[in-house]
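Single-structure report; data block below.
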Amino acid sequence: MDEPGIAIVTRDRFLASIEARRGQAGAVAATIAAAYGIDLPSAGRWAGGADIAFAWAGPGEWSAIADRPIARDLAGRLAGQAAVTDQSDGWHLTEVSGLRVRDTLAKMLPIDLDPAALPPGAVALTRAGHIDLRLRHLSAGVYELAVFRSLGADFAGWLEASAAEFR
Amino acid sequence: MRLTCPHCGNRGIEEFAYGGDADRRRPDGEPFGQAWMDYVYLRRNPAGAHREWWYHASGCRAWLVVTRDTTTHVVASVQEVAR
Amino acid sequence: MTGRRLATGGTIDRARPIAFHFDGQAYRGFAGDTLASALLGAGVALVGRSFKYHRPRGILSAGPEEPNALVELRDGARREPNTRATTVELHDGLVATSQNRWPSLRHDVMAVNGLLSPIFTAGFYYKTFMWPAAFWEKVYEPLIRRAAGLGRAAAVADPDHYEKATAFCDVLVIGAGPAGLDAALVAARAGDRVILAEQDFVLGGRLLSERGRDPIAELGDLPNLRVMTRTTVTGVYDGGTYAAIERVADHLAIPGQHQPRQRLWRLVARRAVLAAGAIERPLAFGDNDRPGVMLAGAVRTYVNRFGVAPGSRAVVFANNDDGARTVADLHAAGIEVAALVDPRPVPSAATIAAAQAANARLAAGVSIQRARGRLGVRDVELSDGTTIACDLVAMSGGWNPTLHLTSHLGGKPRWDEKIASFVPGGLPPGMTVVGAAAGDFGSGYEIAPLWRVRGTRGKSFVDFQNDVTVDDVALAAREGFRAVEHLKRYTTLGMATDQGKTSNVTGLAIMAELTGRGIPATGTTTFRPPFTPAAIGAFAGHHRGRDFRPTRRTPMHGWAAEQGAVFVETGLWLRAQYFLRPGESDWLTATNREVRAVREAVGLCDVTTLGKIDIQGADAAEFLDRVYVNGWKTLPVGRCRYGLMLREDGFAFDDGTTARLGPEHFLMTTTTANAGTVWRHLEFCRKVLWPDLDVQMTSVTEQWAQVALAGPRAPDVLARLTDVSLPHMGLAETTIMDGIEARLFRLSFSGERAYEIAVPARHGEALVRRLMAEGDAFGITPYGLEAIGLLRLEKGHVVGSELNGQTTAGDLGLARMMSAKKDFIGRVMAGRPALVDPERPVLVGLKPREPGAILAGGAHLLPQGAVATAANDQGYVTSVGYSPQLGSWIALGLLARGRERLGETVRAYDPVRGRDTPVEVVSPVFYDPEGSRLHG
Ligand SMILES: [Zn+2]
């Protein structure tokens, strides 16, 4: 079957925010590497897989994205090293892909989506109109978009409208 | 206008919030007087280079010190506030 | 039906005829036509009436600079006024209507304005309609609107949709003429990401218009070259940002399904190459606006690109060598050229040769004095006294580089004597200009400036769209409006929708001539975005109507809607204002019922929208000490405390309760309205002011759904979910409903026993449904913002109306909260004399003296018997509501020395609603002042 112009799927994942305590970023990285075998990514990157991934979320901050509850485990391991907060219910996650995915996203996002500028493995913290948004380039042409849960319905409507001509 | 965030790269101004003159210092410990009035109310308004705070509100949420020419909007530098 | 269509030539597709309507009449053009070329091809020369004088007008140009041929495009809801026929791509079913004429184009009653022209000269608005002022709106303006004007906008909402989009490139090339195509190819072959934007629907620019030039070099299939036709770059902004309008579906009668009509692009480019070409200047001679008088370059475009003969017998009038080229092209197309009129005493060799070859009379050192013929040119009178019959005048006063975009960031164009034109001066960072836009008109370009023909009769138009003549410019000069900005405003030169593309330089040059100052000393012309008119819809994009701004909904939104909630926008959030029960029709009935339920039984309210900030770190308590007026280090784990924040200037900022979840872990709540502002403020505090503190912050507003349960039966309902019992201001982390993580708070703003229950957002709806079911036996009732407002008002709790940015902690009766043992944001400034002035208005309760009297927010508080003047103003009413418990309207207000005046009667003076109500000054706590219900 031909690749669709655009495919939009809503995802349910378990999320946690991690913010290193003052001067503890190195310790946090060591703990994560030891516990999950993942090197905490640097600015603008994410690392890991579908079961668990860590995405850069600002200086000294990361999001954990997992297929199972993760916040409690992380909080335990990172006690004294980082503030960990469960965010599993705070975000509306959408996965978009398809031949025209970048044409669709160009209508919403003010960032350079060219794979040279934003390759798979990249993270962008940005906004869609007045909606703050976190983007992960999962694999070539497949993007995960996260917006606050309360804006999910509104965002989904706009995404649908932007994608409509490519359906 | 665009700013190059040291963490996120070159972004449009709509992602940032202006924070004003980055050279003012809170007069910690001083009693009420001219220093406090100046800190709260007095702003330089130079025609030319201006150091100013910007918050990357829709991005990495870093506070940045931007040196901008107020007459041309040419940005000479963007640095993170020392942490 | 072939009209003036040539048998061969051009890039139109003669095999694809296209049917269209103009002024109700059916015509045919061909694929590749513009509306203008199709009209000329069909023999239609008269296409519009002018703005002020209603003079008959034809097509002047062949591009976006067109000042005359403005039409209403499409009809009904899609009607678009003032569209330039020269840029409208012909399509099947196109409907266009001439504008500014009544009853018809050929017979326009308002043409009488031409006879009244003495009153319509420059400055006529200022001189004629000076007084009486009342006449302006009622008489003058409607009169002028009817007499002088442009097209009509559609009277109903635009049914099409618009979009905005962003694109990035290394090089943006603006214009796909010869210079732009070259630049795009060179950059793309060098590996740059290139966007080539062309306003036309085909590439080529002047290549399409000039004989013997290949329309287009093959661009090839370069993946890094993005070609955007029908796309006009309209503005240059800081940081390499460009705005462009892409007319996605303007060449279709109705856009395809889901297709936007237009798309507003934000193009971000490291570099830009401006290759926008040049715009030809008309010559100012008598009645130079007659249909059939066209720009010479446009004549060549119609002949060479569209295969149209704009006339059958032409006179070419040019002060530069484009005259020769025009003569040659007309001759080659088989159109008779009666004369080449060249004001230069000694024409160039090329000019002489061209006239000879075309067998045209060469009138050297001569000018056209006047064109004659009312609805179309019939002949021209020359300055040598001869008259030449013709139906086409091709004029060229030289060319102006299309440098508009170079001045959008303040660049000043520079006068170049050699080409008698402005060329780009200072450029926007990253922009280079090439080709004709840079003033490069080729080596053969010679010009002898001629701005106006002297001693003419009839009107010599400079600005065709705004009907500004040489005489108007002269009048401005005589009356002292000599600076270019004055000239513009006094005569309206260059202020029409074409922004003076064909007129600014000529007007300026005539002023320079009249004042003897020279052009550079007279001024320069600068331009602002947009380069061509843009639809407002394109700027709104998706964000109109319901989508004007994003809407935030809580997880309980659907449940609330089911319960009859009437929602209100608070910030971006939709919150239930009140819940209409069957049979209820007004907010007050519903609110009274909800308030009574809370006071007598139990109410349930969605408080998810309150800002929630998770604060952790070794210095978390110290941080709170510094941002709140009160102290936090002594707050035990498992307890909440009410906190007040000031701004650094000493005024109250925000309030809310903060709970201690652990020794180094707090959960702060903010008001819904200030959540974003407080967040940014705290970020500034921790990252800029005190980077040495160990504090981590995360917003958890979205993570937790939160429900307030208030009323004497609240403990009974809660007991159905948990056996946890909490002290006042207590907090517990537990699980409810088969293992759902929950946070329970015992907090009250209503003065009743009350709890707040927070669960992860996905469980919010299940929680309210469960609480409603469990509470049914106790009379549980959902309540909304109106009830919240009244409940807190009865208890004297301040909200946004009192925390209005002009009140201090002292004004609000909260001075005791301010700790003297520590520094905090706003402490020093809150102590300055003006903020501790005993005369300041302070928070009081207000109750009408007469039962049943209604109070309204904003009413001023005046002493009894005092005249209603600002000097006697002692404060104002901030919040009002009807208290069903007290059976009276009650209010909070700010009153000078209010706390000393309990029992006194003042007046709530409300001139807006015509009320003047005696009110008693009372304690702000109207209900249960002892607080017995809270603990009972
Ligand atoms: Zn950033």
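Sequence lines set the chain letters: A, B, ... in the order given, protein chains first and strands last, and positions in each chain run from 1.
Of the charged side-chain nitrogens involved, none lies within less than 4.0 Å of a carboxylate oxygen, so that C:Arg549 and A:Asp154 do not count as a salt-bridged pair. Salt bridge absent: A:Arg22 and C:Asp692 never bring a charged side-chain N and a carboxylate O closer than 4.0 Å. In summary, C:Glu702 and A:Arg149 do not engage in a salt bridge, as defined by a charged side-chain N under 4.0 Å from a carboxylate O.
With a 4.5 Å cut-off on non-hydrogen atoms, C:Trp573 touches chain A through its side chain but not through its backbone. Contact of A:Ala20 with chain C is made through the backbone alone, with heavy-atom distances under 4.5 Å. No part of A:Leu105 comes within reach of chain C, as not one of its non-hydrogen atoms sits under 4.5 angstrom from that chain. Only the side chain of A:Glu61 has a heavy atom closer than 4.5 Å to any heavy atom of chain C. Looking at C:Ala705, neither its backbone nor its side chain comes within 4.5 Å of chain A, counting heavy atoms on both sides. Heavy-atom distances place no part of A:Leu15 under 4.5 Å from chain C, backbone and side chain included. Neither the backbone nor the side chain of C:Thr554 comes within less than 4.5 Å of any heavy atom in chain A. Looking at C:Thr608, neither its backbone nor its side chain comes within 4.5 Å of chain A, counting heavy atoms on both sides. Only the side chain of C:Asp614 comes within less than 4.5 Å of a heavy atom of chain A; its backbone N, CA, C and O stay farther away. Contacts between A:Asp86 and chain C at a heavy-atom distance below 4.5 Å involve backbone atoms as well as side-chain atoms. Contact annotation for A:Val147: neither backbone nor side-chain heavy atoms come within less than 4.5 Å of a heavy atom of chain C.
Most heavy-atom pairs under 4.5 Å with chain A, from the set C:Thr609, C:Thr551, C:Thr701: that is C:Thr551. With chain A as the partner, the residue from C:Asp694, C:Asp547, C:Thr698 showing the most heavy-atom pairs under 4.5 Å is C:Asp694. With chain A as the partner, the residue from C:Gln257, C:His763, C:Met697 showing the most heavy-atom pairs under 4.5 Å is C:Met697. When the candidates A:Ser17, A:Ala82, A:Ser88 are compared by the number of heavy-atom contacts under 4.5 Å with chain C, A:Ser88 comes out ahead. Taking C:His665, C:Glu163, C:Gln696 one by one and counting their heavy-atom pairs under 4.5 Å with chain A, the maximum is reached by C:Gln696. Between chain A and the residues C:His161, C:Arg546, C:Glu664, C:Gln259, the most heavy-atom pairs under 4.5 angstrom are made by C:Glu664. Interface remark: of the candidates C:Arg266, C:His557, C:Arg193, C:Glu741, C:Arg193 forms the most heavy-atom pairs closer than 4.5 Å to chain A.
A:Lys107 places none of its side-chain heavy atoms less than 4.5 Å from the side chain of C:Lys164. Using a 4.5 Å cut-off on side-chain heavy atoms (C-beta onward), A:His130 and C:Pro550 make contact. Residues C:Val248 and A:Glu165 are not in side-chain contact: their nearest non-hydrogen atoms beyond the backbone lie 4.5 Å or more apart. In this structure the side chain of C:Val700 reaches within 4.5 angstrom of the side chain of A:Thr85, judged on heavy atoms.
Heavy-atom neighbours of C:Arg270 CZ from other residues, nucleotides or ligands within 6.0 Å: at or below the threshold of 12. For CZ of A:Arg167, the number of neighbouring non-hydrogen atoms (other residues, nucleotides, ligands) closer than 6.0 Å is greater than 12. Taking a 6.0 Å sphere around CG of A:Asp114, one finds it holds more than 12 heavy atoms contributed by other residues, nucleotides or ligands.
Taking all atoms of both residues into account, the shortest heavy-atom contact from C:Gln703 to A:Gly90 is OE1-N, 3.2 Å. Contact record, A:Gln87 with C:Ser699: NE2-O, 3.2 Å, taken as the closest heavy-atom pair. When every heavy atom of C:Thr166 is checked against every heavy atom of A:Pro110, the shortest pair comes out as OG1-CA, 3.9 Å. Of all heavy-atom pairs between C:Val695 and A:Glu19, the closest is O-OE2, 4.1 Å.
The backbone N or O of C:Arg762 sits less than 3.5 Å from a side-chain atom of A:Asp89, completing a donor-acceptor pair.
Classification of the C:His543-A:Trp158 ring pair by plane angle, with boundaries at 30° and 60°, yields perpendicular.
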